[in-house]
Structures are given as structure tokens and as C-alpha cells.
Amino acid sequence: MIKKSLVALGALLVLFPTIAFAEDPSANQLNMGINALWVMLAAILVLLMQGGFILLEAGSTRMKNAGHVAGKTIFTLGLASIVYWAVGYGFAFGGDASDSLNKFIGLGNFFFNPEIASVDNALPSSVFFVFQLAFAAVSLSIAWGGFAERAKLSAYLIFTLFFVSVIYPVIAHWIWGGGWLAKDGAQDFAGSTVVHLTGAIGALAATILLKPRIGKFNKDGSANEILGHNQVFTALAVLILWVGWFGFNAGSTIAIGDGFFGFVAFNTQLGAAAGAVAALLISWLVNGKADITTMLNGALAGLVAITASCAFVDPWAAVVIGLVAGVLVFFSAKFFEKIKVDDPIFALSVHGAAGVWGTLANGLFATEELSQKVGIGKAGLFEGGGWGQLWVQFESVVVCGAFAFVASFIVLWVVKKAIGFRVTEEQEIIGLDLSEHGNYGYPEQMKKAGTSV
Amino acid sequence: MHNPIREKRLLDITEAEDLEQLRSIREREQSRLATELSTSPAYAVMESLNELHDTLITQAIRLAENDLARLGHGAPPVPYTYMLYGSGGRYEQTLYSDQDSGLVYADVSNEVEEERCRIYFPLFAATVVQYLIALGYPPCEGSVIASNPEWCLSLRGWKKKIDSWFAEPSWENVRYLLIAADGRALSGDKVLADKFKDQIYNDMLDRPVIARRLMENTIRHKVLVGVFGQLLTERYGEEAGSLDIKYGAYIPMVNAFRLLAMQAGIRDTSTLSRIEALKQANVLSEDEAMEASDAFVFFLKLRLLATGTHEDGQLIGTGKISSKQLTKEMKIPLKQALKAGAKIQRRVQRELQHRFGGR
């Protein structure tokens, strides 16, 4: 046996080099290969962020819904991939539309059929597709925050169809696909607006239409704290998302190039760190207790905010952006609770409020040098660029937010009227694990505890 | 100081023949005192209220003694004293206080008498506790109550117990020491109570390091005022917006001054007299004492205002000031008082940490 293996190995060693070096690759081909590898790695990291969302959402909700919350993320990831392949990618990046139509929507590349290898040593379109798909899926998972613990499984299915085919691709096209905001010079490097705000606005429309969970608010208007069932999951989720974010932001350079992706990653780390620190401190100062949930939200808010600006600002500004995001997320969560909007996973504050802030922050802190390097927009207010860039950023937030809200609201409103959006009171009380799937995610614990968890 | 209402009240109680009468007197007098709160100074109402509780409990004890004798259990075989702990011991009971109590009886010289005591006093204590429940005083949740055999002992038994607390200053034992330090004799032979207290204070002075353990045991309750001077109110639930005046203002002050008093060998149990004695002993300056007692009187008043509910016939206080009661006019002195409370809490911690070294 050993002898045979050695013989085989020896034979391979003799044969393999002669095959591998049969034809030397050109410098361009190597360059393409490295870029493709980097973007593919980034795509894998962004895809892995779904693991973060599974743990974040499951940890922040109750045991009786854990299986549903976790499982539906995988299901919708599957559905989103097919929808994005068939339709979404074509609207976002298709190049067949006339110039005037292309301002608003792309056309072409439906049922996308990529080349099997790189053409002219450009980034393989298959890799680009996988990378873009991972972003769409992240945006979708953010929206689920507003659905948590009370939406019907069928509503998840229908919303996925519309969100991934039209709502998200249209905004992606406006900013990244050569649409009208791209022409205006809107700076959103990796998607504070495109991915995070769009997802958060979907969550907002959902949570408004669904109304708060049973037991969230009392008759007198005071709020109850519905604690998640596993804070360790939530913390681990934040770490997974944080690490995945290097693919999200640094991968958005789409190339190794001169090593600029390193600078983007560097700013990303500073923004996240500042967000975590600021959020813990502000909750400690204001509430008298250092709140773990707030701190975790702060880290995510720092990441969301730096997503738009990571390639446009200096490191000190990345820290400022993160610090502000950490404080903002704390007060934003308080605000939504005050106006009686139930936001179980804090999607509105983490991705919405911080997404808006991150996008606007470019209008304040973007430097001339970096804007030129990326080739989009110009310097912000504090960097001598005047109000122009801030206005463009503001415009992109308002327009994208409004579009995402109206579109999501219409889809979900029709769902509500046609088939019903929310599970029955009884189903909500026994939990979606049982009502939607027939089994508990935690069978032992749940059967012991009865139906009241 | 002729006060006809007060004299009538006390006379009514001492003449009451049964628990029903006592209960109706309690209800009548408490609602009278509750209305007085808006017109009279808080400490005066507090004083009257505690006198009312003392007289009611004393009368319940007398009734229990009589009833046991009538049932053939005889009179108490040896002198005893019925002790109050907690807010009762500190003379700071509210309208809704529960029972924290214990019993100390004299040492005996022979087995026969000892046996009689072991039969009589648990029965007696259980009867008193039952009577007080009938008057609407809920039993202590932590079982610091005379009907618990651990808190109904001879003087010798107490000596052994207190020694064991000092010998093994675990979290639980330190908590008992803190409770015992607030002990006050209500009725019976008060010399026994003094001897009981000797046990604590003599050992305290012998073992100064115990003070740090005492502090660590009470450090948990922080004054509910934030760094910006904001009130740290409840954030969630039906009581959202309310302030936990009991654990966020009153208890931290009680803890701080109990600790300072125990350190200085001051045996008073009420917080205000502890502050006064600390001033006499030059532990507190004139200004500090003034600031502290003003703040404390304010907390006492709020504690009296705190919402309470009836639960199975027992009067139960939540110890919280509701958001409706927290008016703008009240918030200003409240914040001021809380800041004073936070200051004294910090001072006690710093002093003890300084003296015995940090962890």
C-alpha cells in the first residue's frame, strides 16, 4: 500500500511540473488571477456574513422562534440567488438599456450566463456576479430584522421575489451600475446606502405594516424589554459580521491594484472599533449600566457607517465616523422605541440610522485626494470641497430611501391585503418554529417549558 | 407637646382587645397619616407612623402573651426582648413595611428551664408573627423573622451565632451582621438587646477588616443618578419612567451611614440619629451632616409617597415613585438629594478602600 502511494506520488512529481509550466502565464493573466482570487475571497467573506445574520437574529429573539429565524435565512439566501441570477443582476448591471433608460435601470444579462473564463484578462464576470449576489443577499437579510418573530413564511418568500429582482437592483444600478446617482458623483463605496439603508428601509416598511410584537408595548405606552435568548450568539454574530466586512469593504476595490484595499480595510477596522467603544460608553453614561446589546449594535453601526466612506476619508475621520455612529445607534434605538416602532434586531438603527450617517459623512470628510483616487465625487465640507458633495450625498439618501420605502411598502401592503402578512395571535404565542415549520429549534427546552417562552 | 389625636390613637391601641380592632385602627390611622403628608413635614409623619407601628406591634405581642397564657402555655419562662430589624429597627417603616424581627431570651441555668424556653418561645414568636400578618404586615421574604428558629435564640445562642458570623464572614453572614446592626428592642427586657449589640460592636472593634466586607456587601445598590445629573429611571415595563426610590436612593444612604456608624461604634439605629451622632463624633462635618440629613429626609418623604398595593390583604410597597409623581418641581430637589447621596456613597467607599487597601 505504502509502496504504491510512493510510486504514484513520484510519478506525479515528475509529471506535474511539466504540465503546469507547459505555457508561462502573462503578467496580465497573473494580475487577473490575483484580482479574481481577491474578489472571490471577498465574496466568500460576504456570503459568510449570512452566518452572522443567522446568529444575530436568532440570538436577539426568543427560543420559540430560533429554528425559524435561522432556517429562513438559508432558505431566502437560496431563493435570492436564483432570483438575482434570473432577473436582479440584469436590472442592476445589464448594459443593453438605451442611455436615457440606463439612468434609471439596467437591462440585459437576464438568466445570466457568464463566460467560462476571463475575457481579455478582465475580472471574470462569474466572480463579479457572485460578489454582487452576496451583497444583495446581505441587504435582504437586513430587511428581515423588521419581520422578526411575527411574519408569515409566505411573506418572506414573496418579499424576496420583489426585493431581489427589482427594489435592490434598481438602487444598486443608480449608484453602482452607471445610473443617475453615479453620474452625480454619489459616494457610497461599499453600500451604506445601497445595501444597508435599502435593507433597513425594507425592515421599516415591514415593521410598520406588521405592528409591534405581542407584549412589546403596554396599554399606557410604556415599552417592555423582550430579551433575546442568547447574547453569546449575538456577540459571535457581530464578530462574524465584522470579519466578513473586510470582504464587504476592502473587497469592493474589486482589484488588488496598488494595494489600496489595505487602506480600506484599515479604515473599516477603525470605524467598527470606534462604534463599539462609543456605544458602550454612551449607554453607561446615560443609563448607568453598560449595555452589551447597545455595544454590539455600536460595533455594527460603526461598520455600516464606514462602509460608504472607508475609501474616501482619512483614518482620523474613520474614527470620528465610528464614534458618532456608536452614539447615534443608541439614541436611534431609544427614539424608535419611543414612537412605538418595534425593531427586534435594531435593523432600523444599526443599518438605517448609521447607513444614513455613513453616507452623509462622505459629504463632510471625503478628501480630494481619495475622491480622485476612487474616481467618484469630490471633497467634503470639512475638506474644503464646499457643500456640493454633502448635497449629493443627502440627495442619494433621500431618493434611495424614499424609493425603497415606497416600493417595499407597496409589495408588503399587497401581501397584507391579499394573503395576510402576520401570523395569528395563537401562532405568534406558541412560536413560529411550531406554527410555520412543525418543530422546535430547541425541542428539549421548549417542550419542558410549555408554550409560554 | 399635648397632642390629643396622638394620645387617643395610642390609647385606642393599648385598649384594643383583639386583632380586628387593631387592624381597623391601623387602617384608620394610616390613612390619616397619609393625608397629613401633604401638610406636615415628612419626618414628623415618619415619627408618628413609626410610633403607630411600634404601638401596634407591642400590643400584638401583649395579645399573643395573653392568648398563650389563656391556652395553658403559661407566662414567658424567662425575660425576653422582641427585636425589630430592617426599617422597623431603624425606625423608618413606611405605610407598607414588612416584618423583619427576631427574639432574644435570657440565659437559663438548668436543663428543665431550657427545655421550657425551647418550647415556649418558638410558639410565642410564631403566634406574634401570625398576629402581625393578620394586621397586614407581610412576613420578611428573606426569613429574617422571629418565627424562624435561627432568629429566635437565647442570649448564649446569639453569642455563638454572632461569633460564627465573624469567624466566617461569607456573603450571607456579612448580610446577617448588617441586619443585626439595625436591631432595636421593641418590647420586653431591653438589657438583653444591649448585650446582643455588645456582641456585634465589641467584635467589630476587634476586627476592623470586617468593615471592608460590610462595604462590599452593600456596594451593589447605587444611587440612581447619572454622570450628567440625570435620573436613572426604569426603562421598561409597566413601571417605565418610575424611579426606584427604595434601592436607588434610600438604601444606599442607609448602607453608607450604617457603615460609618458601625465603624465609629455608634449604636443608634435610625439613619438620622446616626448622622447626628457621626457629626458629634466629628466623622461628618457640620455641612456634610446637614446635606446628608436634608437629602435623607427628602428620600423618606418620597418613600412614603411611593406607590403601594394590596396583595392578599397584605400591604406591599413597590418602593418606586411613578413617572406621574415625578413632577418638574420635584425633580430639582430630587436630583440635588441624589447627588448628595452619591457623594456620600463615594466617600464611604473611598475611605474604606483607602484604609484597608484595594482588592
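Below, read A as the first sequence line, B as the second, and so on, with proteins coming before strands; counting in each chain starts at 1.
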Query raised in the report: If you tally heavy-atom pairs under 4.5 Å against chain B, which of A:Lys334, A:Glu225, A:Lys219 wins?
Result: A:Glu225
Please check if the number of heavy atoms outside [X] that lie under 6.0 Å from its [atom1] is greater than 12.
| X | atom1 | answer |
| --- | --- | --- |
| B:Glu288 | CD | yes |
| B:Tyr247 | OH | no |
| A:Glu425 | CD | no |
| A:Lys216 | NZ | yes |

Requested in this report: Determine whether A:Val286 and B:Phe228 make a side-chain contact, defined as any pair of heavy atoms from C-beta on separated by less than 4.5 Å.
Outcome: yes
Query raised in the report: Hey, what do you get for CG (A:Asp220) to OG (B:Ser322), rounding to the nearest 0.5 Å?
Result: 10.5 Å
**Report entry** Inter-residue atom distance B:Leu224.CG - A:Asn287.CG, 0.5 Å rounding
**Finding:** 11.5 Å
Query raised in the report: With only heavy atoms counted, which part of A:Asn218 is less than 4.5 Å from chain B, the side chain, the backbone, both or neither?
Result: side chain
Query raised in the report: Which residue out of B:Gly241, B:Gly226, B:Gly237 racks up the most heavy-atom pairs below 4.5 Å with chain A?
Result: B:Gly237
Query raised in the report: Sub-3.5 Å donor-acceptor pair from the side chain of B:Gln230 to the main-chain atoms of A:Leu285, do we have one?
Result: yes
